[in-house]
Every structure is written in C-alpha cells, then in structure tokens.
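Read through the structure below, which is laid out as structure tokens, and then see the notes.
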Amino acid sequence: MPTPAPHLVDEILEEIFLRLPTPAELARASTACPRFRRIITDRSFLRRHRKRHPPPLLGLVNVDGSFQPAEAPHPSAPLARALADAADFTYSFVPVPSSGIPWHVRDVCDGRVLLEACQVLETLKDMAVCDPLSRRYVLLPPIPTDLAVQEEYPFDIVPILAPIGDDEDDVSFKVICLAIYGSKLTAFVFSSVTQQWCMAASIGWSLLGVHHGPLGPCMLSTYGFCGLSGFDNEGGCFYLASPLLDKLFVLDTQKMEFFTVNHHTGYYVLLKLLPGRILEVLARYDDPHRIQDRIMPGIVVGREGYLEMFSLIGDHSPNGSFDLYHTTQQSNGESSNEWRMKNIIPLPGGHDYFTMSAAEGFLFLGATTKDQVDFDRESGPPLSRTDWDVDYFSLEVKTSEVRKVCTSKGKFFHAEHVHWYFGYPPPLSKPSV
C-alpha cells in the first residue's frame, strides 16, 4: 500500500485536531512531536479551531485591572487558575503615560485588554491595547483634535475593543470610539494595520428617534454607553441600551451605520406591566435620581438572525424568586417586528439579581445574597457606595443553562466595572516603543 503524501497526512491530522474541544487538549497534543506542534501552532489552524470551539469563559477583569478567575465547580476553573498565575493583570509592562495618570480597564475582548488613562471629564484620552499573558502592548496615537473636535466638542468619547473578524489577521485589532456630541453620535475607528484613526460613521440624534441630545457631562452615564452592551459575532453589530431614552442603539460594524431597534412591541409591552421589575428595589433602597443609570430593561445579543432579549423580573421579599423572561425578534432592522415570548428561565434562589452584559453567546448577571440587601434604608449607606460580596452568574443563550462563575467584591448594580475574559489571546504585534 503506497504511503500517503505528506500534505494529505497533515490535512488528516488537522481534521483530527480540530475535534479536540479545549485549548488544554490542543496543548497536550502539540507536545507529542514536532509535526503535531507545527500543525497546531499554525495561525490558520488556530483560527479554524477558535471558530469551531467557542473560547472558554475564564473569569472577569475589574475596572481596577484585577482578574478574578472562574471558581470550581465551573469547568473552566483549572484553566482560569493557570491564566491567573501566568498573566500580569497589574499591567506593569505597559509604560505609564506622560501625564502620570494610571491606566484603568475600559474593555476586554479576545483575551486582550483595552486600557485608558484620562482625567475626569477629559475626552481625548491616552489608550493602549495589551495582552497580559504575553506582556505585549500597543500604544494608540490620540484621536487627532481636528478629527474629534469639529463644529462642537464631544461630551464624551467611549472606547470599545472590537472582536477579530473571520477575514482579519489575528495579530490585528480595531478600537471603536463612540463620540457623544450634543447634536449627533459618531464612531471613530483605529486600525492596527494602518495605525490611524478615521471617522467611520456619524448620525444626528433626531435620525435615531431622539428629540434632544445629551444635556451635559452629568447625563452621559444615563445614555447607556458604560458597558451594558452585547455583540453579535455573526452580524458584526454592537447593541447598546440607553435606560434614560428607553432605546436600543445598534452600530453595524460591517456597514458602519447606526440605527435603533424598536422594543416597544409585542410581548415586551406586557413585561413592562409585570410586578417585580428590578427598578422597584432601586427605588426603595437608593437615591431615585440615580436609578436610571443602573437599570436595563434587557440585554440584547444577536444569534442566527434573531435578537435575544432577557428581562429580569423578581420578588424582593425575603423568600422571593427571580426569573428571566426570554423574548426574541428577527434582526432584519424592520421596526415593525414584534418581540415574541420564548421561555421563562428561573434563577437560583436566595439572591437579589441585576443584569450586566452579554458576550460570546452568554448573558451575565450579578447577585447579592438576600441578607446583604436587608438593611435599614434610612440609616444605611446608598447601594451605589457600598461594597458587596457579589456572586456572578452566566447564562448560555443557546442552552439556557445558568452557572455561577465566581464571587468578587463589587458595587451593587455597577456592571460597567466588570469585563468578561474569554479564552487565551491570539498573538499581538510587537511592543510599541
């Protein structure tokens, strides 16, 4: 029997390795012989493997940069612990900006971390993208003033680290900055390939169905651009909710266009009338003027031509329970589409929950135990200023399975302080100098 050609053997081995479900199994296979290692470490193979096997959820990164690994019995706990031991989540390898202002985390995507350094109310900021595992980094040039400051000065510029596209080199990356002006919303994009910023999209608030723009810096957090977002990896869309405006804003990163999703249709209208919305506990326990910047009617993620929204309904009595009401809508941009009820997902008891964000096909929730919320609201500090032991849960959209990820200290309802870390990062370009 003739010996198969070497390239055919490589193709067969590649198909076998593609069926290994975890990075740990790939790593063990790569140590068997040089041939296995060459195939497994090839970038095109790794790209195919990541597309076939979603990256494991390893933990969360707090706004101060600290990493909280997934804890047993979560299946990713061993990998998460290995990452925590090997990576530098102090970011000591990234040079401190000339301003002397320390870095803080603004976003995490594909195992990379977007850092920002700026003073309060400063909009033109120092930014860097880094890989805590390899300790590589790229310092971003500032957005040119003549590009950002046109006929008006932005109230805020909010950076987002965009996922790597299927047709993009995995050593490259993009940073999208949402610039909030009094009259419009604009997206600036930095590409690591061109090393330049460009204005990619801009639209007036009136065309988004908003009758007035931001009223000033004090209103910015209420517009919903503080981490309460979902990303549709298939359609290339960011979904951002604005509690104050009761809107779902969408940025299509393929067409680079803004539009809004109508969520005042179908079953969602009925949800607003149900008792137990999380808004009620905020009204009882905290300053009512700060309610709107921490409440979200649902998190939207795109999956297979549909938008999936999860609305949190709960009973805040000592023995109360919480459920997620799962509704769907076709994601073809038609405002006439109605939200339809899919199912009701019960959540583990003994907690007060709040919705956080969505990524990689997961919805994330934070929760405190009932006894932490049972305090004297007349004499106790407001929730927004209190540190709690927060339990973090993930819900896999595809299976509706709820799992506890970890426990960490945090501010109740401050979801923008947490970013989710998935998988080991692809290579990053050489460090900037």
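Here the straight-line distance linking atom NE2 of H419 with atom CG of L60 works out to 10.0 Å at 0.5 Å rounding. The distance from atom CG of L185 to atom CG of L207, rounded to the nearest 0.5 Å, is 11.5 Å. For the atom pair CZ (R136) and CG (D131), the distance works out to 8.5 Å, reported to the nearest 0.5 Å. Here L133 contributes atom CG and L83 contributes atom CG; the two are 6.0 Å apart, rounded to the nearest 0.5 Å. Between the CG atom of D126 and the CG atom of L140 there is a distance of 10.0 Å, given to the nearest 0.5 Å. If you take OG on S394 and CH2 on W420, they are separated by 7.0 Å, rounding to the nearest 0.5 Å.
Checked by atom type and distance alone, the side chain of K125 pairs as donor or acceptor with a backbone atom of I157 at under 3.5 Å. Of the possible polar contacts, one joining the D107 side chain to the L161 backbone as a donor-acceptor pair under 3.5 Å is found. Here the side chain of H49 pairs no donor or acceptor atom with the backbone of L26 at under 3.5 angstrom. A donor-acceptor contact shorter than 3.5 Å links the side chain of D64 to the backbone of S66. Between the side chain of N62 and the main chain of G65, no donor-acceptor pair closer than 3.5 Å is present. Looking at H104, its side chain does come within 3.5 Å of a backbone N or O of E116 through a donor-acceptor pair. Looking only at distances, no side-chain donor or acceptor of S76 sits under 3.5 Å from a matching main-chain atom of L58.
No side-chain heavy atom of V390 sits under 4.5 Å from any side-chain heavy atom of V418. Proximity of V402 to L347: side-chain heavy atoms (C-beta onward) are separated by under 4.5 Å at one or more points. Side chains of P75 and R403 form a contact here, defined as non-hydrogen atoms less than 4.5 Å apart. With contacts defined as side-chain heavy-atom distances shorter than 4.5 Å, the pair I39/F17 qualifies. At least one side-chain heavy atom of E308 sits under 4.5 Å from a side-chain heavy atom of H326. For the pair L178 and I160, the minimum side-chain heavy-atom distance is below 4.5 Å. Side-chain contact between Q68 and Y392: absent, with no pair of heavy atoms (C-beta onward) separated by less than 4.5 Å. Counting heavy atoms from C-beta outward, F155 and Y181 have side chains that stay 4.5 Å or more apart.
Summarising the geometry of L324 relative to L363, their closest heavy-atom pair is CD1-CD2, 3.6 Å, with the distance given to 0.1 Å. The nearest pair of heavy atoms linking L115 to C130 is CD1-SG, 4.0 Å. Between I40 and S30, the shortest heavy-atom distance links the atoms CD1-N, 3.6 Å. Taking all atoms of both residues into account, the shortest heavy-atom contact from I176 to A162 is CD1-CB, 4.1 Å. Here the closest non-hydrogen pair linking A77 and A72 is CB-N, 3.5 Å. Across all non-hydrogen atoms, the minimal contact from L57 to H74 is O-CE1, 3.8 Å.
Comment: R37 does not engage D42 in a salt bridge, judged by the lack of any side-chain N to carboxylate O separation of less than 4.0 angstrom. Under a 4.0 Å N-O distance rule, the pair E14/R48 qualifies as a salt bridge.
Ring planes of F67 and Y421: perpendicular class, angle over 60° (limits at 30 and 60°).
Remark: of the listed residues F310, Y353, F362, Y353 is the sole one forming a ring-ring contact (aromatic ring centres under 6.0 Å, His included) with F393.
Counted within 6.0 Å of CZ on R81, heavy atoms from surrounding residues, nucleotides or ligands total more than 12; the atom is thus considered enclosed.
D391 and H351 form a side-chain donor-acceptor contact under 3.5 Å, judged by distance and modelled atom types alone. A donor and an acceptor atom, one from each side chain of E257 and Q254, are nowhere located under 3.5 Å apart. Looking at S191 and Q196, their side chains never bring a donor and an acceptor atom within 3.5 Å of each other.
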>> Run the ring-ring contact (aromatic ring centres under 6.0 Å, His included) test on W103 and Y91 for me, step by step, so that the C-alpha distance in whole Å, both residues' side-chain angles and the decisive distance to 0.1 Å come before the verdict.
In response: CA-CA 8 Å; W103 296 110; Y91 314 102; 9.3 Å; no

>> One pair to check against side chain to side chain contact (heavy atoms under 4.5 Å, CB included): M199 and T186. What are the steps and the verdict?
In response: CA-CA 7 Å; M199 182 189 296; T186 298; 3.7 Å; yes

>> Show, in sequence, the C-alpha distance, side-chain angles and deciding distance for F89 and V105, and conclude whether the side chain to side chain contact (heavy atoms under 4.5 Å, CB included) test is met.
In response: CA-CA 10 Å; F89 284 99; V105 176; over 6 Å; no

>> Evaluate L139 against V94 for side chain to side chain contact (heavy atoms under 4.5 Å, CB included), listing each step before the verdict.
In response: CA-CA 8 Å; L139 299 176; V94 184; 4.2 Å; yes

> What do the steps show when you test M127 against R106 for side chain to side chain contact (heavy atoms under 4.5 Å, CB included), and what is the final call?
Replying inline: CA-CA 9 Å; M127 288 182 282; R106 282 309 301 263; over 6 Å; no

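Remark: aromatic rings of F258 and F249 are distant, center separation not under 6.0 Å.
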